[in-house]
Amino acid sequence: MLAPALLSACILDSNQSPFETAGPVAEDQKNIFIFIFVIAVVVFVIVEAALLYSILKFRQKGTAARPPKQVHGNTRLEIGWSLAPIIFLVAIAVPTVIMIFDQDRGPLDGRVPDNPLVINAVGHQWWFEFEYPGEDVITANELHIPVDRAVDVQLLSDDVIHSFWIPQIAGKVDMIPGQGNSMWIQASETGTFLGQCAEFCGEAHANMRFHVVAHTAEDYQAWLNGMRRPPVTPEPGSDIAAGQLVFAQNCSTCHTNNSYRPAVARTERDTQIARQNGFKADPENARIISAPNLTHLALRTHFAAGIEKLNADTLKQWIIDPDDIKKGNRMSKQAAIYNVPGSELTTTEVDQLVAYLLSLKPAAADAVVEISVPRSDGGEPSAANGEALFASMGCSGCHSTGTNTIVGPGFSGLSDRAGSTVEGQSAEEYVRESIMKPNEFIVGGGTVSAMPGTFGAQLEDSEVDDLVAYLLSIE
Ligand code: CUA
């Protein structure tokens, strides 16, 4: 009896204990569990007492073997032991069934909530993606919610069956591919609560965790606003700027880190599904699989699906050898830096990458270059908007507006040479095509552009117009 108790780690005071409830859903579930448990204990005590009494009182004494008195056909006994279980089962079933329907309607006593927050939670092997569909915000492995507000969690999976479980907030509901499920959660106190995948889903199942951060309404709004601001632009020549380039060349094919732009947030979900479908269609050869969104990573307390505290040491260890921290992770099997000889990152590059990743947090609200509202159809492209985009999209990290090359070419006098670069293409067409298809317009040789191929997809059409107008205006 001692061994199972120790092995199951039965401690009540734990951040993964369903008895330390922090919300109405878990509270109701705990109460009904205790109610059923008490009935079960009463039945257990009565049955065991009767059993022990019978064993002691009626055990065979002496050697004479006599058959015990038979009770076949005793109507009173038959009715009694048929009726007793029915009474117990009805007592358990009525409140349970009522609660199942109540918890389907809302988190509080079956009341339909006024202003619920809808969040999509997507299970991936082996991490959680969270989308705020009304807000154009998307993140991974850390779910932020306001306290005392009903949250309608829409549960999806892109691969196998996972299960969504926040022991202190709500019980488990499966995330099934092709079958939308949903559940209500609500936190009644601020704090951080542990979540865990509760359905065996493959090698890293036990390490598929997440955190739920419950904020006051003001702090939640501040977090949301921050998630929609760009990060601080790195100082040219700094370690962080060098790390940005390491990220662009080695990580950005799978990891999105700029979904603070609404257009990127909106396309991210489709991109994740396309990546997952590509992996399902050809798992042996797929080079791109769903990877956690890293936008404003430095705001998170944990990484690697909630198992590792986020700091420079742990992040460095992770980048050097992900398998040492999380066996089964897809990154070590897919990323070129671990699989293609000659592509390994140097120690310096790892340090630069860590510095860059830990710099990813929202710029102060008053430091953000305000981009004017996209012009309506028929308006003229705005070079001023384009200039703001040039800074906020990180173009200025690689391209100067003079003649010197940082990573990409300098843009001084671009309008003079752009028109004569490709036969039959105007300067405007050439610049636009270079933004949208960087790999087809490589200046200075090479086969793969350092500029992310997905760059153009992050811009609205009118923003591309604005950016082109600005680039062609550079003297
Ligand atoms: Cu996902 Cu277990």
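Any value given below was found using the heavy atoms of this structure, including those in side chains, with hydrogens, waters and symmetry copies removed. On a predicted model such as this, the values are computed, not experimentally measured, just so you know. Atoms within a ligand are numbered from 1 in the order they appear, just like the ligands themselves.
Among the atoms of Ser163, none of the N, O or S atoms falls under 2.8 Å from atom 1 (Cu) of ligand 1. Atom 2 (Cu) of ligand 1 has an N, O or S atom of His205 under 2.8 Å away, backbone or side chain. For atom 1 (Cu) of ligand 1, the set of nearby N, O or S atoms under 2.8 Å includes one belonging to Cys197.
A salt bridge is absent between Arg261 and Glu268: the closest approach of a Lys/Arg side-chain nitrogen to an acidic carboxylate oxygen does not fall below 4.0 angstrom. Between Glu131 and Arg269 there is a salt bridge, since at least one side-chain N of the basic residue sits less than 4.0 Å from a carboxylate O of the acidic one.
Aromatic pair Trp165/Phe210: centroids not less than 6.0 angstrom apart.
In Glu199, the N, O or S atom that comes nearest to atom 2 (Cu) of ligand 1 is O.
Angle subtended at atom 1 (Cu) of ligand 1 by His162 ND1 and Met208 SD: 90°, rounded to 10 degrees.
Using modelled atom types, one side-chain atom of His205 and one backbone atom of Glu199 make a donor-acceptor pair closer than 3.5 Å.
Just one residue in the list Trp223, Phe193, Phe130, Tyr132 forms a ring-ring contact (aromatic ring centres under 6.0 Å, His included) with His144, and that residue is Trp223.
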